[in-house]
Every structure is written in C-alpha cells, then in structure tokens.
Amino acid sequence: MTLSRHVVRSVTTAEVGSRYLRAVGRNSFRGHHGSGNTSTAYVVETDRGASGWGLPLYDGDPARLIGKNLAELIDPARGVVDPAAEFLDYPLHDLAARILDVPVYAMLGAAGAPRVRSYSGGIYFDDLDPDDAPAGTDAIRANLAQDYEFGFRDFKLKLGRGYRWMDPQEGLERDIEVTLLTRELYPDADILVDPNDGYTANALTAYLAAVSTCHLYWIEEPFAERWEDFRFLREHLATLSWQPKIADGEFDPDEDHILRLAQEGLVDVALMDVVGHGLTAWRRTMPRLAETSAEASPHAWGMPLKSLYAAHIAAGLGNVSIIEGVPGNTVGTDGNGYTLADGHLTLSDEPGFGITLK
C-alpha cells in the first residue's frame, strides 16, 4: 500500500523511558546521570488505522499535520520532506516502514548488516562515589563485569577526572589506572575513551604515552573542536606505534564543520546525536561523510531506544563500524527492538523499528 492512501488522523503522546543496570555516575563536567529517564514519544495514526511512534527531534505543532496526506510529509527514499513535520522524523519513519511492511533499515537501503557491533557506553566515574568513602577502581571492575555479562564486549571509558572532580594530576593518573585495568581484565576488548572535552593537549599526550600498550580503538572529544588542536593531535598520533581513530561531533553538532575536519583527515568518526541530528539529516549526511573516507557512529547515550535508532542507521545506510550501547532496557514498550549478545545488537525483522508501545 502506498503512503498516498493515508491521511494523518491524529498525533498523540506516550511516555517511554530507560532503566539502567545501575545508577550512572559523573563524567568530566556533569554530575550524576541517575538510574534512567523518561521521555515523551509521539504516536502518529492515519485514517486507515496505521500508526507509528518515536522520539521527537524537538517540540513542534502536531495540529499542523492533521489532515495532511502522508506522502506529502515523508518520502521513503529521502525522509521527511515537509519542514513542519521534521520534528516527527522518527515517528514518521516508523509509520512509513510499517505501511510498507519493512524494517526501517530496509527502507533506508539495507547497506549494512542487521547485526551491529555495539560497545558499552556506561563506564563513568563511579570510582569517585560515594563522596565520603569512594569505591575506587573496584567500582570500575564491577561495572565492566556487569556490562560484559549483559552482552557487551567492548567498552568506552569516560576520562577527565581532573577537569572538575580531582586534582588534575591525580585525575590523570586515575584515568590511566582505569584504562590499564580495563585492558588487563579484557585483553580482547576494543577500548574507546571519551574525556568530554576535559583534556588539554598536554594531558592527552601524557595519557597516550602511559596507555600506549592498550591500543585504543578511538579517542572521542578530547577537547573543543579547534582546527589547530586537531592538527596537533593527528600529527602526534602519527608518531605512535598504534593510532586510534579520532571521533567528534557530539557536543557541537555542526555538520559542515565536522565534514571539513573529516575532509582534512582530522576526524575519522562523526558522532552527531541520533536524535539531535535526526534520521533524515543522517540520510543526507552519510554519503557526504563517506566521500571523505570517514565513518559515522551516531551518539546514542541516554536511552536504549536511541541505540535502536543508531543500529537502524548502521544497518540501513552503512558506513558505521560500531555504535554506542546503553546498559539497560527500554521502559513502556514490549522490549528493546533488538537482542544483545556477544557484543552485537541484532535487529528485529518486524516492520518499522520493530518495537511496540505497551
């Protein structure tokens, strides 16, 4: 059935959320992240009884879409085509794919595989808690083991303890200790590190020298996106025996700026947020990114639902080697829309995003 046979009858809301495996601590600049969250999702229903749902990109006016022909809002080959409907990017993709009776990743082109490698993004500064009796690296050890048991095989470590929470030198030493411990415990894991812009160039070079045997997979957002600093980092990495990828674009999602850095060989992985950037935007960005020989890994922290979206982008558009996983489960739905095992998310072959609201 074509989309043109459907007219938007209603746009309603529902609550969905996340429940992490554990309370998540601090990163370099932000306090505790809690045990989960709740967000408002939008449900779009047509006059023929079809419906789709998902997270909005931002607050919009659903009333403007009532009575609109669905084919005027979204083109399965390109994404959302009506600016007034852009905020419902994910609900409309879910709805269109359900009507076409295909998974979203198939509607996007199925350029990748529906089994997507995923790392745990949940290793924060839990070693610093509680304030009156910090657990130290025993907390990191326990969190790594919990995420491994959950199904992850690769880990992203938050760095930058010396930016706000510890003496700078002591914080750097703890960052090094946590990285070396992770490599010791999981010799086959890919280790990704993320200072959340909490490092200076000098701190980063000292850190890289101390963890040279860990063979990092990537360095994410070590400092603000300044051309000079990224040029310094690329030149420094060229002197090392093992060169991790440089990943950036989450904090300041300026697509053109990140693409320029990628064109100059200064960024290897673009991280614009899966919701903040949007699915239609990722459909536009991915071919431009691939032309630079860089790849993508849409930022997905906060909700397993965002990891589901990132996995469909990976399976649909390709040019994604690994995505961010959230250790936990989606609340208010019939599951997560994927299974996690041996470090990979395997997507459902159900229509849409393959996940249903309760």
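Remember, predicted model here, so these are calculated numbers, not experimental data. Residues take their numbers from the sequence shown, with the count starting at 1.
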Colleague: Any side-chain heavy atom of T182 within less than 4.5 Å of one from L144?
Modeller: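 They are in side-chain contact.
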Colleague: Report yes if the side chains of T13 and Y42 come closer than 4.5 Å at any heavy-atom pair, otherwise no.
Modeller: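 Yes, close enough: below the 4.5 Å cut-off.
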Colleague: Going by the rule side chain to side chain donor-acceptor pair (under 3.5 Å), which residues pair with N319 if we only count those two or more places apart in sequence or in a different chain?
Modeller: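 For N319, no residue satisfies side chain to side chain donor-acceptor pair (under 3.5 Å) once neighbours in sequence are set aside.
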Colleague: So, are R234 and D248 salt-bridged, with charged N and O less than 4.0 Å apart?
Modeller: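 No salt bridge links R234 with D248.
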Colleague: Quick one: are S39 and M303 in side-chain contact, heavy atoms under 4.5 Å?
Modeller: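 In contact.
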Colleague: Any cation-pi pair here, R64 with F87, using under 6.0 Å and within 45°?
Modeller: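 Geometry flag: not set, cation outside 6.0 Å or 45°.
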Colleague: For the residue pair Y119 and W301, is the inter-centroid distance of their aromatic rings smaller than 6.0 Å?
Modeller: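 Centroid distance Y119-W301: not below 6.0 Å, so no.
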Colleague: I'd like to know whether Y309 forms a ring pair (Phe, Tyr, Trp, His ring centres under 6.0 Å) with W282, so could you lay out the CA-CA distance, the side-chain angles of the two residues, the decisive distance to 0.1 Å, and finally the verdict.
Modeller: CA-CA 11 Å; Y309 292 161; W282 270 114; over 10 Å; no
Colleague: Minimum heavy-atom separation for A281 and H277, please, with both atom names.
Modeller: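 So the two residues come closest at CB-O, 3.1 Å.
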Colleague: So, do L73 and V81 sit near enough that their side-chain heavy atoms are less than 4.5 Å apart?
Modeller: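 L73 vs V81: side chains apart.
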Colleague: Could you tell me which residues satisfy ring pair (Phe, Tyr, Trp, His ring centres under 6.0 Å) with H299, sequence neighbours excluded, listed by chain and number?
Modeller: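 Partners of H299 under the ring pair (Phe, Tyr, Trp, His ring centres under 6.0 Å) test: none.
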Colleague: State, to 0.1 Å, how close R161 and Y124 come at their nearest heavy-atom pair, and which atoms those are.
Modeller: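 Result for this residue pair: NH2-O, 3.9 Å.
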Colleague: Tell me whether Y186 is reachable from I191 by hopping between hydrophobic residues (I, L, V, M, F, W, Y) whose side-chain heavy atoms are closer than 4.5 Å.
Modeller: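 Both belong to a single hydrophobic cluster.
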Colleague: If you take all heavy atoms of G121 and K156, which pair is closest and at what distance?
Modeller: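 That would be CA-CB, 4.5 Å.
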Colleague: Looking at every heavy atom in both P222 and P195, which two are closest together, and how far apart are they?
Modeller: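 It is CA-CG, 3.8 Å.
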Colleague: Could you tell me whether the side chain of V193 reaches within less than 4.5 Å of the side chain of Y199, counting heavy atoms only?
Modeller: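 Contact flag for Y199/V193 side chains = no.
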Colleague: If you look at every heavy atom in Y105 and H312, which pair is closest and at what distance?
Modeller: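 Shortest heavy-atom contact: N-ND1, 3.2 Å.
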Colleague: Is there a side-chain contact between D127 and E177 in this structure, where contact means two heavy atoms from C-beta onward sitting under 4.5 Å apart?
Modeller: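 Sidechains of E177 and D127: no contact.
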Colleague: Considering only NZ, NE, NH1 and NH2 on the basic side and carboxylate oxygens on the acidic side, decide whether R98 and D94 come within less than 4.0 Å.
Modeller: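 Yes, R98 and D94 are salt-bridged.
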Colleague: For a quick check under 3.5 Å, do S118 and E324 share a side-chain donor-acceptor pair by atom type?
Modeller: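 S118 vs E324: no donor-acceptor pair found between side chains.
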Colleague: Cut-off 3.5 Å, side chains only: do S307 and Y338 have a donor facing an acceptor?
Modeller: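 Looking only at side-chain atoms, Y338 and S307 do not form any donor-acceptor pair under 3.5 Å.
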Colleague: For the residue pair L259 and E291, establish whether any side-chain heavy-atom pair is separated by less than 4.5 Å.
Modeller: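 L259 vs E291: side chains apart.
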Colleague: Under a single-linkage rule joining Ile, Leu, Val, Met, Phe, Trp and Tyr whose side-chain heavy atoms are separated by less than 4.5 Å, which residues share a cluster with F29?
Modeller: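 Taking Ile, Leu, Val, Met, Phe, Trp and Tyr as members, F29 shares its hydrophobic cluster with Y163.
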Colleague: Without swapping roles, check the side chain of D147 against the backbone of F152 for a donor-acceptor pair under 3.5 Å.
Modeller: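 Not at all, since once roles are kept as given, no pair shorter than 3.5 Å links the two residues.
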Colleague: Salt bridge check, D47 against R9: does any charged N sit closer than 4.0 Å to a carboxylate O?
Modeller: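 A salt bridge is absent here (no side-chain N lies under 4.0 Å from a carboxylate O).
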Colleague: Should D126 and K158 count as an ion pair when the cut-off is N to O under 4.0 Å?
Modeller: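 Result for this pair is no, no salt bridge flagged.
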Colleague: Stepwise, does the side chain to side chain contact (heavy atoms under 4.5 Å, CB included) test hold for L347 with V104?
Modeller: CA-CA 10 Å; L347 295 173; V104 168; over 6 Å; no
Colleague: Under a 4.5 Å cut-off applied to non-hydrogen side-chain atoms, are V16 and W53 in contact?
Modeller: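 Heavy-atom side-chain distance check passes, below 4.5 Å.
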Colleague: Quick one about T12 and S10 (side-chain donor to acceptor, distance below 3.5 Å, no hydrogens or angles considered), yes or no?
Modeller: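 No, no side-chain donor-acceptor pair sits under 3.5 Å.
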